[in-house]
Amino acid sequence: MALDTAIAKADPPLPPGEAEPRRRLKRFSGSRLGGLILALNLLSLLILFVGALALNEWQRGLIEARQQTLTAQGELLVTVLGNEDITRGDPQPALDPFMASELLIDNFIPEGQRARLFDIDGLLVADSYAVTEVIPGEPLAPALPAGTPPARTDPVAESRDATALERARSELAAEVEQALDGEAQAGLRRSESGDRVVSVSIPVRHVQQVLGVLTLEAGDVDETLAAQRRALMPFALVALAVNLLGSLLMHLFVARPVMRLSAAADEVRLQRARAISLPDLEGRKDEIGDLARSLETMTETLSDRMDAIEAFAADVSHEIKNPLTSIRSALETLPLVKTAAQREKLTNLLQQDVRRLDRLITDISNASRLDAELNRDRPRAIDLTQLLTEIVGVYESGLKPGEAHVIFEASAGDHVQIMGRDGPLGQVFRNLIDNARSFSPPGGSVRLTLGRDDLDPDRQVRVRIDDDGPGIPAENLETVFERFYTARPRGTAFGANSGLGLSIVRQIVEAHGGLVRAANRPDEAGGVAGARFEVALPSAPGTGRRA
């Protein structure tokens, strides 16, 4: 791992609590694409459901209407059959089969209907198919040529047809028997030909005496059901069209964009592109747009990280080469030195370069581990007042003669809460204090002030570190935060600073969603009284000053 500022900028710390789960839940419940898919599927099912209900009600109503029509016709016929002209016998009247047959001939029986009359014993007296001039059935097949062997019959089919015929006759006999008890019957059953028929059986009475049963059948049920199936086709076609439209939309708005994102990711993986960029997808307001924007941000961050690693590697190589070159030159010169004074001078130079190299490697190692530490530790509420008090206490307890004092003033209140990681934040303030002490005159002081800025709701907590040093050149107020930049006053120990301290400070502060800047403190005469570093951090949500 190497120093990387891009990652810290791209991922600011999350607020505490369950803010992120709530945000995801809100997006899930308000999904436009999911709502569109759900609505189309529900619409398709609703069309089929409503169509099925409508056809079922229509079928039931049509059958009931047909039964009512047959019942009305049957009651009219049984009224005629029950008069004295059609009956004979005294004192026990009975139906006259000849007159009943003539009556069925004289009365119009619509095509597709069949009327049958049964006597008191359930025997067939008259049948409209037998007395009508219209012969039901289908035309015979053309005659076969002479000598053609007779067609073979299927015993199984004949047995099945015989069973169906027997069942139909049994159902008719049961209906007639129930009607002979004096109650009219109506139902849907199979005829002898295997067709479904609407049937009504009405008792024929002479006064109160039951003389027989009139059965009327309508054989157009199959045609009615076929018409219902044809009526169902528009509903099925509409539902199919809706499903096809839904599938097409899924393909256009989900499958194809995902395939494009996958192809763009492959381009990045094969190093033919540095980042995913699909503006037409990034402008969408659904989950595909969120995914495209997230992938673009991720690849841009990775690209920035690669650039930062390359720049860091180049800076490290440059900084390490300097002491190594000095060490090599000193070692090459050492055998040529003849006096002890010159040898001691070269030895001191070698020791300084080794210390400088050790300092560089230590700071580079710390900077390399910093990114992993920031990503590994979860932010938590930190008492910044207590953290600064402990840091200042350590400096004061180990104060040596001639070193600058460290003074802490908490003007914002007794305690200030922020969200962050105490280890990296402690390193921020130690680096700033060390930098200020290195520029302070002997016996001087470094002052830390903790305050609040209520005018900046994003970064309310501010920490100032002031020193009494020479200040910072105006043109270097931003340069001081660059890697390996150092400008020390004369007399400072060579190699004591690597130039990474303030760069690490900015990386950690920005990873916590804060800002750090450098400035010069003016004195009364308008000159420079010292340097000032100010760190602005967001306060913990829902917290403030507390005693």
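The side-chain heavy atoms of V505 and F533, taken from C-beta on, include no pair separated by under 4.5 Å. Residues L331 and L346 form no side-chain contact, since every pair of their non-hydrogen atoms from C-beta on lies 4.5 Å or further apart. Side chains of L502 and L432 form a contact here, defined as non-hydrogen atoms less than 4.5 Å apart. Contact annotation: the side chain of L384 approaches that of L450 to within less than 4.5 Å [non-hydrogen atoms, C-beta and beyond]. V354 is listed as a side-chain neighbour of I327, based on a closest heavy-atom distance under 4.5 Å. Between V416 and S539, every side-chain heavy-atom pair lies at or beyond the 4.5 Å cut-off. Between R437 and E403, some side-chain heavy-atom pair lies under the 4.5 Å cut-off. Using a 4.5 Å heavy-atom cutoff, the side chains of V535 and L537 are in contact.
Counting only distance, with no hydrogens or angles, the side chain of N435 and the backbone of N431 share no donor-acceptor pair below 3.5 Å.
Exactly one of N520, D467, D466, T449 qualifies for a side chain to side chain donor-acceptor pair (under 3.5 Å) with R532. That residue is D466.
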Item to check | Residues E482, T479; criterion side chain to side chain contact (heavy atoms under 4.5 Å, CB included); working and verdict | outcome: CA-CA 5 Å; E482 295 180 0; T479 311; 3.8 Å; yes
Checklist entry - Between I433 and I391, does a side chain to side chain contact (heavy atoms under 4.5 Å, CB included) hold up when you go through it step by step? => result CA-CA 10 Å; I433 292 173; I391 292 175; 4.0 Å; yes
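Looking at every heavy atom in both residues, A404 comes nearest to L399 through O-CD1, 3.5 Å. The minimum heavy-atom distance between R421 and P379, with the atom names listed, is NH2-CG, 3.8 Å. Across every non-hydrogen atom of L425 and G420, the tightest pair is CD1-CA, 4.2 Å. Taking all atoms of both residues into account, the shortest heavy-atom contact from V406 to Y395 is CG2-CB, 3.9 Å. Here the closest heavy-atom approach between residue A529 and residue D523 is recorded as CB-CB, 3.8 Å. Heavy atoms only, all atoms of each residue included: G471 and V528 are closest at CA-CG1, 3.8 Å.
Contact check on R506 versus E478 returns a salt bridge, with a Lys/Arg side-chain nitrogen under 4.0 Å from an Asp/Glu carboxylate oxygen.
Listed by chain and number, the residues in a salt bridge (charged side-chain N to carboxylate O under 4.0 Å, His left out) with D307 are R274 (sequence neighbours excluded). For D468, the side-chain contact (heavy atoms from CB on, under 4.5 Å) partners at least two apart in sequence or on another chain are P441, S445, R447, R521. Applying the salt bridge (charged side-chain N to carboxylate O under 4.0 Å, His left out) rule to R293 yields the partners D290; only residues at least two apart in sequence or on another chain are considered. Applying the side chain to side chain donor-acceptor pair (under 3.5 Å) rule to R380 yields the partners D422; only residues at least two apart in sequence or on another chain are considered. With sequence neighbours left out, L240 forms a side-chain contact (heavy atoms from CB on, under 4.5 Å) with L244.
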N/O donor to acceptor pairs below 3.5 angstrom from side-chain atoms of residues 334-341, sequence neighbours left out:
unit_1: T339; atom_1: OG1; unit_2: Q342; atom_2: N; d: 3.3
unit_1: T339; atom_1: OG1; unit_2: Q342; atom_2: OE1; d: 3.4

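Note that CZ of F235 is 9.0 Å distant from CD1 of I47, once rounded to the nearest 0.5 Å.
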